[in-house]
**Q** 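Structure incoming, see below.
What you see below is based on every heavy atom in this structure, not just the backbone, and it leaves out hydrogens, waters and symmetry mates. Counting from 1, the numbers follow the sequence of the chain as shown.
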Amino acid sequence: MAGRMGQKRCRSAAKGTGAAGQAGRQLEEVAIDGEVVGGRPSRRSVTVNRLESPLGWLRSRGHVSERQYEAGERLRADYERAQLSSRVTMAWDASPVARSRGGSVGAPDLSASQIDAKARFEAAVAAAGKGLDDILWRVACAGEGMREAERALGWPARAGKLVLVMALDRVADFYRIR
């Protein structure tokens, strides 16, 4: 990943080779840049299965280019960094005390990186254009497969791939990916 994540090494298991459970896996160790721990940049990495996401699946079969894949991954990274997805677990934080009656509390306190990521995400989705944003969000950010996204949007089979490719090209232009 150019920019935020630097590639360290890649190991791959092709379909039909290796031990059971290895088929369809393309493991890559990726450095996580930009994280600060104790005032110093951390040198951490994570192992990622590139074929795990719907975009990775499409890329491995030649349906999206490397440029389009990178655009989708950057969009997903901004989505996750902005913490736009809903919580799926209980928040064990202490309940904030309201200053007025009614118990409502103001907006959550967001960090500068979250605010920047949210602005980039919204601008990238706007650059994709109206009508293309639904399939883009569903496949790149929500992790829906093409079949599920097409069904949810009421589109005919295989129509989503064409729309997704156009949206990813526009997002790649927004992120200035060559």
Side-chain angles (χ1 to χ4, degrees), residues 1-18 21-35 41-85 113 116-150 152-153 155-178:
M1 304 244 184
R4 287 172 195 59
M5 299 173 108
Q7 180 177 332
K8 283 189 177 175
R9 61 186 153 141
C10 181
R11 53 184 185 223
S12 174
K15 284 190 173 186
T17 62
Q22 292 292 319
R25 293 175 50 153
Q26 183 181 4
L27 302 179
E28 181 177 6
E29 191 169 330
V30 178
I32 303 172
D33 296 334
E35 291 193 8
S42 69
R43 301 283 180 209
R44 297 184 329 159
S45 67
V46 63
T47 302
V48 176
N49 182 359
R50 291 291 181 195
L51 301 180
E52 190 172 83
S53 73
L55 276 178
W57 187 90
L58 289 168
R59 183 174 142 247
S60 70
R61 284 155 180 81
H63 298 296
V64 295
S65 67
E66 180 66 31
R67 178 179 184 261
Q68 294 160 342
Y69 174 77
E70 179 68 29
E73 286 297 305
R74 284 209 194 160
L75 184 72
R76 184 190 55 76
D78 280 340
Y79 179 80
E80 290 178 0
R81 182 165 283 136
Q83 296 181 358
L84 295 173
S85 60
S113 65
D116 291 344
K118 183 177 183 206
R120 275 192 313 273
F121 173 80
E122 289 173 349
V125 169
K130 190 152 178 72
L132 303 178
D133 53 355
D134 288 337
I135 191 82
L136 182 64
W137 177 82
R138 287 176 182 276
V139 176
C141 301
E144 286 184 15
M146 286 302 300
R147 186 175 298 142
E148 293 84 11
E150 289 168 340
L153 294 169
W155 292 357
R158 292 179 288 285
K161 195 184 317 174
L162 176 64
V163 177
L164 178 65
V165 166
M166 291 185 331
L168 288 171
D169 279 334
R170 291 181 181 182
V171 171
D173 289 340
F174 172 80
Y175 283 119
R176 297 181 178 150
I177 300 171
R178 297 285 169 230

**Q** With side chain to side chain contact (heavy atoms under 4.5 Å, CB included) as the test, pick out the partner of V64 among E66, Q68, R61.
**A**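 It is Q68; the other options fail the test.
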**Q** For E150 and A157, which heavy atoms make the closest approach, and how far apart are they?
**A**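 Looks like OE1-CA, 3.7 Å.
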**Q** Going from CG on L168 to CZ on R59, what distance comes out if it is rounded to the nearest 0.5 angstrom?
**A**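 These two atoms lie 12.5 Å from each other.
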**Q** So does R67 pair up with E70, basic N to acidic O under 4.0 Å?
**A**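 No salt bridge links R67 with E70.
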**Q** How long is the gap from CG on L75 to CZ on F174, to the nearest 0.5 Å?
**A**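 So the gap between those two atoms works out to 9.5 Å.
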**Q** Of the non-hydrogen atoms in A149 and I135, which two are nearest, and what is the gap between them?
**A**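 Looks like CB-CD1, 3.6 Å.
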**Q** Kindly compute the distance separating CG (L58) from OG (S65), expressed to the nearest 0.5 Å.
**A**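 Result: 11.5 Å between the selected atoms.
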**Q** Going from NZ on K118 to CZ on R120, what distance comes out if it is rounded to the nearest 0.5 angstrom?
**A**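 Between K118 NZ and R120 CZ, I get 13.5 Å after rounding to 0.5 Å.
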**Q** Report the distance from atom CG of D169 to atom CG of L164, rounding to the nearest 0.5 Å.
**A**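 CG of L164 is found 9.5 Å from CG of D169.
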**Q** Closest approach of S60 and W57, non-hydrogen atoms and distance?
**A**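 Smallest heavy-atom distance, with atoms named: OG-O, 2.8 Å.
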**Q** State the CG-CH2 distance between L84 and W137, to the nearest 0.5 angstrom.
**A**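 Atom-to-atom, L84:CG and W137:CH2 are 10.0 Å apart.
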**Q** Return the minimal non-hydrogen interatomic distance between H63 and V165, and the atom names on each side.
**A**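 Shortest heavy-atom separation between H63 and V165 comes out as O-CG2, 3.8 Å.
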**Q** Would you say that D78 contacts Y175 through its side chain, given a criterion of any heavy-atom pair below 4.5 Å between the two side chains?
**A**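 Yes - at least one pair of side-chain heavy atoms lies under 4.5 Å apart.
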**Q** Evaluate the side-chain proximity of R138 to P54: yes if any heavy-atom separation is below 4.5 Å, no if none is.
**A**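 Answer no - side chains too far apart.
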**Q** Could you report the tightest heavy-atom contact between S53 and E73, atom names first, then the distance?
**A**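 Distance-wise, the nearest heavy atoms are OG-OE2, 4.1 Å.
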**Q** How are the rings of Y79 and F121 set relative to one another: parallel (under 30°), tilted (30 to 60°) or perpendicular (over 60°)?
**A**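 It falls in the tilted class, 30° to 60°.
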